[in-house]
Amino acid sequence: MEKTNVAIVGLGTVGSGVARLLLDHGDRTARHAGRTMWLKKAVVRDLTRSRDVELPDGVLTDSLQEVIDDDEITVVAQLIGGLEPARTIMLSLLESGKDIVTANKALLAEHGAELFTRARELGRSIAFEASVAGGIPIIANISQCLSANQIGSLEGILNGTSNFIVTQMDENGASYDDVVREAQRLGYAESDPTMDVDGTDAAQKLAILAHLAFGATVDWSQIPRTGIDGLDPEDLLYAQKLGYRIKLLAIAHLANDGLELSVSPTLVPVGTPLAEVRDAYNAIQVIGDAVGPVFYHGLGAGQMPTASAVAADLIDTAVGRTRLTFQTLEYFSIDQPPRVKLRDGDTSRGRYYFRLSVSNHPGTLASIAAVLAQHEISIASVIQHEGREGGPQRDPVPLVIMTHMATEGQAKAATDDIQALASVTGPVVRLRVKD
Ligand code: NAP
Ligand code: HSE
């Protein structure tokens with residue numbers, strides 16, 4: 001049987017999982033690839049560190065040069081996180097004639113155009129299925145399976161760590177700090193979990209999907225984003241009472257005047273598919289003009305789901321499928337003018353949830369309603385629990401307002417004006433509501 005020699009660079013959570021698939025299930029991968037997928041080298045920084053996988057003698061090395069100099073190694077899984085040295089390593093591997101598989105979305109979102117252009121110039125390929133939504137094959141689906149469609153909308157939960165945190169806080173009353181630590185222990189979180197919880201990771205993945213689905217050249221840092229790091233457990237409780245769950249939702253909506261992109265904690269109605277996505281699962285709902293709505297659901301973070309996507313890319317690369325699609329599709333092409341422009345986020349329309357802390361005095365509600373009316377925002381419902389008659393008066397009191405449709409610009413301006421009212425005593429919380 002023919003043999004493809006493979007190397008892994010970076011033997012952390014994902015790299016160890018890929019090594020396990022290649023070593024423990026070589027018969028399976030050989031059957032699916034029609035060739036032996038042979039792990040020849042695994043590059044680490046520290047040879048003395050204990051690893052999550054047992055490697056045959058001679059595979060582990062701390063010398064990247066050994067891989068670069070080995071012409072028998074043709075495909076490399078580059079599984080180091082962050083920007084540098086990952087970018088430089090990827091460029092030197094491409095220069096030395098290797099095809100690359102990666103899970104590093106931060107690197108692609110930041111330097112994708114440079115890396116993809118250089119790979120094309122050199123006649124090499126970069127496969128990146130694992131970079132978005134872990135084990136869900138969303139890259140192949142958008143760029144190949146749905147290629148006859150104009151995608152109009154894409155909405156998803158793209159960060160497993162955030163979804164795990166919110167689920168555990170919501171369902172088990174867990175503390176935010178404890179669940180962040182648990183997400184790190186389980187291998188879901190980035191080495192710097194700030195990128196998971198502040199919306200950066202989801203925005204980087206959304207930028208990659210927007211590129212594939214809409215031909216949008218997006219600087220991920222321009223995507224309006226809010227993470228779950230500031231989420232108050234009180235809002236999870238109010239959302240439940242109102243029949244919603246809060247999810248970190250990444251959205252891309254195509255309209256006549258451009259593409260709207262955002263990442264934000266959003267109230268999603270209980271019973272709808274996205275609301276039921278729990279723990280480290282991810283989900284993406286895509287609407288194509290021919291296919292209609294399609295829903296993808298699966299584990300978006302963690303060792304083996306991510307390794308599953310990387311190993312599939314290794315096989316696709318070894319058999320030549322990646323090169324076919326990589327050379328022809330307009331992934332991150334510098335020469336390609338963007339097919340759509342980004343819409344001004346303030347023009348996007350939706351419903352809103354406001355939670356305020358207000359003085360328990362006559363006229364307070366009227367003054368807040370007046371501000372919303374000035375901004376042409378109509379109130380759909382209000383929750384304010386009354387104190388017991390004759391019992392101790394609560395002051396300040398929480399006030400929750402659900403609105404009808406408004407633009408983001410109107411909602412922002414109303415937030416500022418409400419915040420300035422003397423009767424409003426704490427920061428105004430404003431969240432999007434998905435219909
Ligand atoms: P990780 O556990 O931190 O592993 C990264 C590995 O890279 C570490 O083992 C580290 O070595 C190694 N490394 C760093 N610099 C190196 C260098 N110069 N030479 C050789 N090795 C080096 O991270 P991970 O969770 O596996 O994630 C890897 C990539 O996959 C990241 O880009 C991440 O965003 C992406 N990803 C992760 C998941 C997930 O669920 N974990 C899912 C999808 C995508 P040491 O062991 O010596 O520190
Ligand atoms: N840290 C990422 C997440 C890993 O939690 O979704 C998968 O990309």
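Numbering of ligands and ligand atoms starts at 1, following listing order.
- Close approach to G302 involves these atoms of ligand 1, each under 4.0 Å from a residue heavy atom: 39 (C), 40 (O).
- Between the side chains of D52 and Q303, at least one donor-acceptor pair of N or O atoms lies under 3.5 Å.
- Atoms of ligand 1 found under 4.0 Å from any heavy atom of G187 (numbered from 1 in listed order, with element): 39 (C), 40 (O), 41 (N).
- Pairs of residues two or more places apart, or lying in two chains, never qualify as side-chain hydrogen bond (donor to acceptor under 3.5 Å, both in side chains) while including a residue from residues 6-17.
- Between T88 and E84, the side chains place a donor N or O and an acceptor N or O closer than 3.5 Å (distance only, hydrogens not considered).
- Between the choices L79, T88, L107, I89, the shortest heavy-atom distance to atom 28 (C) of ligand 1 belongs to L79.
- Of the residues listed (V400, L399, V428), the one engaging R355 in a side chain to side chain contact (heavy atoms under 4.5 Å, CB included) is V400, and it is the only one.
- The protein non-hydrogen atom at the shortest distance from atom 8 (O) of ligand 2 is K105 NZ, 2.5 Å.
- For atom 2 (C) of ligand 2, the nearest non-hydrogen atom from the set Q204, Q184, M195, E190 belongs to E190.
- Of all the atoms in ligand 2, the ones that sit under 4.0 Å from a non-hydrogen atom of N159 are 2 (C), 3 (C), 5 (O), 6 (O).
- Remark: among candidates S191, A133, G81, the nearest residue to atom 31 (C) of ligand 1 is G81, based on non-hydrogen atoms.
- When hydrogens are left out, the protein atom nearest atom 6 (O) of ligand 2 is G160 N, 2.8 Å; that is the closest non-hydrogen contact.
- Interatomic distance, N5 CG to L39 CG, rounded to the nearest 0.5 Å: 9.5 Å.
- No close placement of the Y238 and F354 rings is indicated, their centers lying 6.0 Å or farther apart.
- Of the protein's non-hydrogen atoms, the one nearest atom 43 (C) of ligand 1 is T306 CG2, 3.3 Å.
- The closest non-hydrogen atom to atom 33 (C) of ligand 1, taken over Q184, R51, E190, comes from E190.
- Within ligand 1, counting atoms from 1 as listed, the ones closer than 4.0 Å to a heavy atom of A301 are 40 (O).
- When heavy-atom distances to ligand 2 are checked against a 4.0 Å cut-off, D196 comes that close only through its side chain, counted from C-beta outward.
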Check the pair E260, R432 against salt bridge (Lys or Arg N to Asp or Glu O under 4.0 Å), reporting the backbone distance first and the verdict last.
CA-CA 14 Å; E260 175 198 342; R432 293 278 292 257; 3.6 Å; yes
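- Looking at atom 5 (O) of ligand 2, its nearest protein heavy atom turns out to be T161 OG1, 2.6 Å.
- One side chain, E408 or Y352, offers a donor N or O that lies under 3.5 Å from an acceptor on the other.
- Aromatic ring orientation, H297 versus F295: parallel (interplanar angle below 30°, classes split at 30° and 60°).
- Between K205 and ligand 2, an N or O atom pair is found at a separation short of 3.5 Å.
- Judged purely by distance below 3.5 Å, without hydrogens or angles, the side chains of T102 and N104 never pair a donor atom with an acceptor atom.
- In R49, the part holding a heavy atom less than 4.0 Å from any atom of ligand 1 is the side chain.
- Protein heavy atom in closest approach to atom 26 (O) of ligand 1: V14 N, 2.8 Å.
- When the heavy-atom distances from atom 14 (C) of ligand 1 to V44, V43, I80 are ranked, the shortest goes to I80.
- Scanning for side-chain contact (heavy atoms from CB on, under 4.5 Å) contacts around D71 gives an empty result, with sequence neighbours left out.
- Not a single donor-acceptor pair under 3.5 Å links the side chain of D99 to the backbone N or O of R124.
- Using modelled atom types and a 3.5 Å distance limit, the side chains of N141 and Y296 yield a donor-acceptor pair.
- Not one N or O on the side chain of S357 forms a donor-acceptor pair closer than 3.5 Å with the backbone of T425.
- Atom 4 (O) of ligand 1 has as its closest protein heavy atom G12 CA, 3.3 Å.
- When hydrogens are left out, the protein atom nearest atom 12 (C) of ligand 1 is G10 CA, 3.8 Å; that is the closest non-hydrogen contact.
- For atom 23 (O) of ligand 1, the nearest protein heavy atom lies 4.0 Å or farther away.
- For ligand 1, the atoms closer than 4.0 angstrom to any heavy atom of A130 are 43 (C), 44 (C).
- Between R45 and ligand 1, at least one N/O pair is under 3.5 Å apart.
- Backbone and side-chain nitrogen or oxygen atoms of P85 are examined, and none is located within less than 3.5 angstrom of a nitrogen or oxygen of ligand 1.
- No hydrogens or angles considered: nothing links the side chains of T407 and R349 as a donor-acceptor pair under 3.5 Å.
- Between G82 and ligand 1, not a single N/O pair is under 3.5 Å apart.
- A donor-acceptor contact closer than 3.5 angstrom links the side chains of Q240 and D170.
- Residue D62 does not touch ligand 1, judged by heavy-atom distances below 4.0 Å.
- Those atoms of ligand 1 with a heavy atom of A103 less than 4.0 angstrom away are 30 (O), 35 (C), 36 (N), 44 (C).
- With hydrogens left out, the protein atom closest to atom 25 (O) of ligand 1 is T13 CB, 3.6 Å, a heavy atom.
- Remark: ligand 2 and N282 share no N or O pair separated by less than 3.5 Å (distance only, no angle test).
- When V101, L21, I8 are each tested for a side chain to side chain contact (heavy atoms under 4.5 Å, CB included) with V310, only one passes: V101.
- The closest protein non-hydrogen atom to atom 7 (C) of ligand 2 is G300 O, 3.3 Å.
- The ligand atoms of ligand 1 that sit less than 4.0 angstrom from a heavy atom of L11 are 9 (O).
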